[in-house]
Peer 1: 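Pasting a structure below so you can have a look.
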Amino acid sequence: MENKKKIIESFKEKIDKSKLPNHVAIIMDGNGRWAKKRLLPRTAGHKEGMERVKEIVEVAADIGIKYLSLYAFSTENWKRPEKEIKGLMNLLVQYLRSELNTLHKNNIKVQALGDISKLPSQPRMEVEKAIKKTKNNNKMILNIALNYGGRDEIIEATKKILKDIEMGKMDIEELNVNTFKEYLYTKNQPDPDLLIRPSGELRISNFLLYQIAYTEFCFYDIYWPDFREEHFYKAIIDYQKRDRRYGGI
């Protein structure tokens, strides 16, 4: 245990605080496969995954990350068995009820990405409560993507723009990259600098499609429940070694 602590500290010391990614996004994948590998029900994997959420949120805030976006439940996840969906929603309620006071105390602002109106009443109310209670916090913004789909986000943004143009609130010539971003769930937030995906999968899975045009990716061949503090530090260190040219030289 002492040796592991030293290893973690050594990783932490390698991070250049002046070159931190402003916004980190994470696709939290592999809970079910983690559980299956251990002959456990999928809900056990989701429960263990929730423990990683607690850990990584704390670590990200501690080192100075300003925006953390976690992909918790996609629009496609409704296709899963009803029992699993119910379990996921119960875990969301459990997480918010157990962690809200800590998040608030640590000056973390909770925001939702996605159409939360489609969530069952109890988890929806807990999310709304968390958003309201933490709305004035400013140390870190924690985006929880719930009933989120990147394509749906772009379509909904387009509909809102067309409506504003029709009502005379916007001229079509005013539409550009920056004005379009104001209609997304991440309005007033910078695009992710770094996207992390554990589980061994090498795809984006419909997450923040518009926002990740120039995002750096980091893929891990481990499941989300095995993603620990040291893996997060490694991803930051790897990101800081990259040369981000944005199409330039």
Side-chain angles (χ1 to χ4, degrees), residues 1 4-5 7-9 11-12 15 20-21 23-65 67-74 77 80 84-85 87-103 106 108 110-114 123 126-127 130 140-146 148 192 194-205 207-208 217-239:
M1 186 68 180
K4 183 180 179 181
K5 188 175 180 180
I7 292 172
I8 291 173
E9 284 301 317
F11 280 127
K12 193 173 180 180
I15 293 175
L20 284 174
H23 186 169
V24 177
I26 304 178
I27 299 174
M28 305 182 295
D29 190 28
N31 293 345
R33 281 167 286 169
W34 181 90
K36 183 179 180 181
K37 188 177 179 181
R38 290 161 176 75
L39 304 179
L40 297 170
R42 288 175 63 85
T43 50
H46 294 311
K47 189 173 182 179
E48 187 64 26
M50 186 177 73
E51 294 303 313
R52 299 293 78 74
V53 170
K54 295 177 183 178
E55 179 179 339
I56 298 306
V57 168
E58 182 179 341
V59 166
D62 180 59
I63 66 171
I65 302 299
Y67 301 84
L68 179 66
S69 295
L70 304 179
Y71 203 5
F73 192 87
S74 74
N77 287 154
R80 295 188 177 187
E84 183 173 351
I85 292 173
L88 284 165
M89 293 299 156
N90 287 339
L91 280 173
L92 173 61
V93 170
Q94 182 182 332
Y95 171 75
L96 290 173
R97 285 180 175 175
S98 66
E99 296 300 307
L100 182 54
N101 286 336
T102 300
L103 292 169
N106 291 334
I108 296 173
V110 177
Q111 293 193 177
L113 307 181
E126 293 297 333
V127 172
M140 183 178 82
I141 289 181
L142 171 61
N143 293 314
I144 306 176
L146 296 161
Y148 175 87
L194 172 65
L195 185 144
I196 302 169
R197 179 169 191 159
S199 80
E201 304 292 353
L202 303 176
R203 57 177 178 266
I204 305 307
S205 296
F207 189 42
L208 300 176
F217 298 155
C218 185
F219 296 101
Y220 276 94
D221 197 19
I222 57 172
Y223 299 130
W224 172 247
D226 290 325
F227 189 89
R228 306 284 177 152
E229 180 179 357
E230 58 267 34
H231 298 109
F232 188 78
Y233 292 145
K234 283 181 183 179
I236 301 296
I237 293 166
D238 181 57
Y239 163 84

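Numbers here are sequence positions counted from 1. Keep in mind that what you see is a predicted model, and the values were worked out from it rather than measured.
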Peer 1: Check D221 against G200 and note the closest heavy-atom contact, atom names and distance.
Peer 2: OD1-CA, 3.5 Å
Peer 1: Kindly say whether N143 contributes a backbone atom to a donor-acceptor pair with the side chain of Y67 at under 3.5 angstrom?
Peer 2: no
Peer 1: Which heavy atom of W34 sits nearest a heavy atom of G45, and at what distance?
Peer 2: CE3-CA, 3.7 Å
Peer 1: Work out which heavy atom in A72 is nearest to a heavy atom in L146; give both atom names and the distance.
Peer 2: CB-CD2, 3.9 Å
Peer 1: Please say which of L194, V24, I15 ends up in a side-chain contact (heavy atoms from CB on, under 4.5 Å) with Y239.
Peer 2: L194
Peer 1: Taking only residues two or more places apart in sequence, or in another chain, which ones meet N31 in a side chain to side chain contact (heavy atoms under 4.5 Å, CB included)?
Peer 2: H46, W224, P225
Peer 1: Considering only heavy atoms from C-beta outward, does the side chain of E126 approach that of L100 to under 4.5 Å?
Peer 2: no
Peer 1: Donor-acceptor pair, distance only, cut-off 3.5 Å: does the side chain of R42 make one with the backbone of A35?
Peer 2: no
Peer 1: Can you tell me how far the CD1 atom of I26 sits from the CZ atom of F227, to the nearest 0.5 Å?
Peer 2: 5.5 Å
Peer 1: Does atom CD (E229) have a neighbourhood of more than 12 heavy atoms from anything else shown, all under 6.0 Å?
Peer 2: yes
Peer 1: Nearest 0.5 angstrom please: Q111 CD to S69 OG, how far?
Peer 2: 9.0 Å
Peer 1: Considering non-hydrogen atoms only, spot the tightest contact between H231 and Y220 and give its length.
Peer 2: O-OH, 2.8 Å
Peer 1: Please test T43 against L91 for side chain to side chain contact (heavy atoms under 4.5 Å, CB included), starting from the C-alpha separation and ending with a verdict.
Peer 2: CA-CA 9 Å; T43 50; L91 280 173; over 6 Å; no
Peer 1: Mind checking the CZ-OH spacing from R33 to Y223? Nearest 0.5 Å is all I need.
Peer 2: 5.5 Å
Peer 1: Could you tell me the separation between the CD1 atom of I141 and the CD1 atom of I108, rounded to the nearest 0.5 Å?
Peer 2: 11.0 Å
Peer 1: Please report the C-alpha distance between M50 and Q94 in whole Å, then the side-chain angles of each, then the deciding distance to 0.1 Å, and finally whether the side chain to side chain contact (heavy atoms under 4.5 Å, CB included) criterion is met.
Peer 2: CA-CA 10 Å; M50 186 177 73; Q94 182 182 332; 3.5 Å; yes
Peer 1: Are any of the side-chain heavy atoms of I144 and V127 separated by less than 4.5 Å?
Peer 2: no
Peer 1: Whether E230 and R228 form a salt bridge (side-chain N of Lys/Arg under 4.0 Å from carboxylate O of Asp/Glu) is what I want to check.
Peer 2: no
Peer 1: Tell me whether E9 is salt-bridged to K5, with the criterion being a basic N under 4.0 Å from an acidic carboxylate O.
Peer 2: no
Peer 1: How are the rings of F207 and Y71 set relative to one another: parallel (under 30°), tilted (30 to 60°) or perpendicular (over 60°)?
Peer 2: parallel
Peer 1: Check D62 with K12, please: is the shortest side-chain N to carboxylate O separation under 4.0 Å?
Peer 2: yes
Peer 1: What distance separates Y233 OH from I63 CD1, expressed to the nearest 0.5 Å?
Peer 2: 6.0 Å
Peer 1: For a quick test of reading the model, state the closest non-hydrogen atom pair linking I56 to L68 and the distance between them.
Peer 2: O-CD2, 4.3 Å
Peer 1: Test of understanding: with side-chain hydrogen bond (donor to acceptor under 3.5 Å, both in side chains), list the residues that count as partners of R38, not counting sequence neighbours.
Peer 2: none
Peer 1: List in chain and number order the residues that pass salt bridge (Lys or Arg N to Asp or Glu O under 4.0 Å) with K54, two or more places apart in sequence or in another chain; answer none if no residue qualifies.
Peer 2: E51, E99
Peer 1: Side chain to side chain contact (heavy atoms under 4.5 Å, CB included) for N77 and I85? Distances and angles first, verdict last.
Peer 2: CA-CA 8 Å; N77 287 154; I85 292 173; over 6 Å; no
Peer 1: Show your working on side chain to side chain contact (heavy atoms under 4.5 Å, CB included) between F232 and E55 and close with a plain yes or no.
Peer 2: CA-CA 10 Å; F232 188 78; E55 179 179 339; over 6 Å; no
Peer 1: Can you name the nearest heavy-atom pair linking R197 to S205, along with the distance?
Peer 2: NH1-OG, 2.7 Å
Peer 1: For the NZ atom of K234 and the CG atom of D238, what is their distance to the nearest 0.5 Å?
Peer 2: 11.0 Å
